Trainee: 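There's a structure below that I have some questions on.
Note that the structure is predicted; figures quoted are calculated from it, not measured. Count residues from 1 along the sequence.
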Amino acid sequence: MAIEDIDSSRLERNLDALCKIGKNRDGGIDRQLATPADLQAREWLRAYWEQMGLTVHSDAVANLYAVLPGREPGLAPIAVGSHHDTVPNGGKYDGAMGVLLATELAQSLQDAGTALRHPLCICSFTGEEPSDYGVSTFGSKVLAGRLGSADLMRQRHAVTGETLAAAVARLGGEPGAADQNRLRPGDWACFIECHNELGRVLFDEGLAVGVVDCITGIYRETVEVTGTPNHAGTTQMPHRRDALLAASLFALEFEALLRAYDDPQLVGTIGHIEVWPNASNIIPGRVVMALEMRCCDPALRADVLQKMEAMTRRVADQRGVHIHRRLVLDQAETQMSPLVQKALLAASAQCGQPERVMASMAGHDAANIARSTPTGMLFTQSVDGLGHCPQEYTRAEDIYTAGRVLLAAVQHLDEELDR
């Protein structure tokens, strides 16, 4: 018999308990990959899941799993989850909410004495957030075959120099087995990740939840501008080849180019800049910038890049400098499974919510899992669009709605899959 409700009070208590782990004096949470707080959170989750009577295990890169058995032998599990690590001074909901919602699904099924046909697998992936080891969505990248043992030996902590392999070993993983730690088609029946939006689309529309159809592609370049360093006092303005001012014009032209499309699923950022010689009495001779663009439409991305070529030549000619652009990353967008989307949309309607389809403009573990498994994402509203900060907030009633939608979707997929 289908069940329709979850225990919102229990879910809130668990969120409050987990957010105490790594909480700093400013009210944010410091629970980065392989820190003492990461280890403590893992112990808390293991203990909680074991107390529920679930089968708990981890893999070669310390991804955590807890399994509630199904009633039909041989069926692959329906997996639900997210991550428990945070950015520095992060918020309470990012990642942890998705793990604890998955936990609440299992508890609600247990409370009702209801067993799914499929096992239910709760997941908490290792190191989703960017870390000092120089990698993000780490655990799911290994599952997708995008990282392996050699990468774990090569990546080192920016401060301590510890290898990522050593960090994984401290977490209880087996880094030497990372190459065999692959999620193959059929290992999971499907995967759903619930996450706060980290943007303001749902907030501006007054909606509790939205169903993701695409996770954005991410494109990155290093842009190097070379001018002529010279004396800041004796070089007259018409004779200057100022690399910093040229870089500034490039940044403004890049912004104007993207704004002209007026597309909410196209954004760009220049978020890092270095200047040489970086002295008050020398005209800057060289600037290096990090440029990023996010987009869900490959044709649109191609059009922007074509226009950037002309823009680059125009700025270089106008300012009398040389501009060299080097590709760093061109990660394609990821489409979510139509089957899982359909189940989430039907569940939203069943719970009295509008069937809102939207893109994710942030990367998530779901983008990696989708390489081998039918995957979907459900977003909850982020109040004021805040994320990656102590002020991020999702209302308890919206989390409750998300839990009901997830519960309905999982039960729908449980009946539909493997028939």
Trainee: Under the criterion side-chain contact (heavy atoms from CB on, under 4.5 Å), I'd like the reasoning laid out for H364 against F379: C-alpha separation, chi angles, the key distance, then a yes or no.
Mentor: CA-CA 12 Å; H364 294 284; F379 272 167; 3.9 Å; yes
Trainee: Could you tell me if the side chain of T373 sits less than 4.5 Å from the side chain of D187, heavy atoms only?
Mentor: no
Trainee: I would like to know whether Y261 and D297 meet side-chain hydrogen bond (donor to acceptor under 3.5 Å, both in side chains); could you show each step before the answer?
Mentor: CA-CA 12 Å; Y261 286 91; D297 182 346; over 6 Å; no
Trainee: Do P229 and I283 come within less than 4.5 Å of each other through their side chains, counting heavy atoms only?
Mentor: no
Trainee: Testing the basics here: between R117 and L75, what is the closest heavy-atom pair and its distance to 0.1 Å?
Mentor: O-CD1, 3.6 Å
Trainee: Would you give the length of the straight line joining atom OG of S348 to atom CD of Q341, rounded to the nearest 0.5 angstrom?
Mentor: 11.0 Å
Trainee: Could you measure the distance from the CD atom of Q331 to the OH atom of Y219? Nearest 0.5 Å is fine.
Mentor: 14.0 Å
Trainee: What pair of heavy atoms forms the shortest contact from L120 to A102, and how long is it?
Mentor: CD2-O, 4.4 Å
Trainee: As an exercise, state the distance from CD of E197 to CE of M377, rounded to the nearest 0.5 Å.
Mentor: 10.5 Å
Trainee: Test side-chain hydrogen bond (donor to acceptor under 3.5 Å, both in side chains) on H83 and D365; report intermediate values, then the result.
Mentor: CA-CA 8 Å; H83 61 96; D365 288 311; 5.4 Å; no
Trainee: Can you find a side-chain donor-acceptor pair between S8 and E12 that sits under 3.5 Å?
Mentor: no
Trainee: When rounded to the nearest 0.5 angstrom, what is the spacing between NE2 in H272 and CE in M289?
Mentor: 11.0 Å
Trainee: Does any donor atom in the side chain of N89 or D26 lie under 3.5 Å from an acceptor atom in the other side chain?
Mentor: no
Trainee: Does the side chain of T401 come within less than 4.5 Å of R404's, by heavy atoms?
Mentor: no
Trainee: After noting the C-alpha distance and the side-chain angles of V410 and V80, does the key distance pass the side-chain contact (heavy atoms from CB on, under 4.5 Å) rule?
Mentor: CA-CA 9 Å; V410 164; V80 185; 4.0 Å; yes
Trainee: With no hydrogens and no angle check, do the side chains of S124 and H84 hold a donor and an acceptor under 3.5 Å apart?
Mentor: yes
Trainee: Tell me, do T222 and R325 make a side-chain contact under 4.5 Å, heavy atoms counted?
Mentor: no
Trainee: Of all heavy-atom pairs between S382 and F203, which one has the smallest distance, and what is that distance?
Mentor: O-CB, 3.5 Å
Trainee: Do Q32 and D85 touch side chain to side chain, with heavy atoms closer than 4.5 Å?
Mentor: no
Trainee: If we count only N and O atoms by modelled type, under 3.5 Å, do the side chains of R42 and T126 hold a donor and an acceptor together?
Mentor: yes
Trainee: Any side-chain donor-acceptor pair under 3.5 Å between Y393 and D384?
Mentor: no
Trainee: If you measure only the distance, is there a donor-acceptor pair under 3.5 Å linking the side chains of Q107 and Y48?
Mentor: yes
Trainee: Just by distance, do the side chain of R71 and the backbone of A115 share a donor-acceptor pair under 3.5 Å?
Mentor: yes
Trainee: Taking all non-hydrogen atoms of both residues into account, name the closest pair between P354 and L207 and its distance.
Mentor: CG-CD2, 3.6 Å
Trainee: Please report the interatomic distance CD(E221) to CD(E292), rounded to the nearest 0.5 Å.
Mentor: 11.5 Å
Trainee: Between R170 and E162, is there a salt bridge with N-O shorter than 4.0 Å?
Mentor: yes
Trainee: Going through the distances and angles, do Q110 and L54 end up as a side-chain contact (heavy atoms from CB on, under 4.5 Å)?
Mentor: CA-CA 10 Å; Q110 286 179 322; L54 305 181; 3.8 Å; yes
Trainee: Whether the E128 and T137 side chains hold a donor-acceptor pair (N or O, under 3.5 Å, no angle test) is what I'd like checked.
Mentor: no
Trainee: Could you tell me if the side chain of Q411 sits less than 4.5 Å from the side chain of E4, heavy atoms only?
Mentor: no
Trainee: Between F191 and F125, is the ring centroid distance below 6.0 Å?
Mentor: yes
Trainee: With a sphere of 6.0 Å drawn around CZ of R182, does it hold more than 12 non-hydrogen atoms of other residues, nucleotides or ligands?
Mentor: yes
Trainee: If you apply the rule side-chain contact (heavy atoms from CB on, under 4.5 Å), what do you find for V209 with Q381, and how did you get there?
Mentor: CA-CA 6 Å; V209 294; Q381 183 191 121; over 6 Å; no
Trainee: Verify the distance criterion only: is there a donor paired with an acceptor across the side chains of E392 and H388 at less than 3.5 Å?
Mentor: no
Trainee: What's the verdict on salt bridge (charged side-chain N to carboxylate O under 4.0 Å, His left out) for D330 and R301, showing C-alpha distance, side-chain angles and the deciding distance?
Mentor: CA-CA 10 Å; D330 192 1; R301 180 172 63 247; 3.7 Å; yes
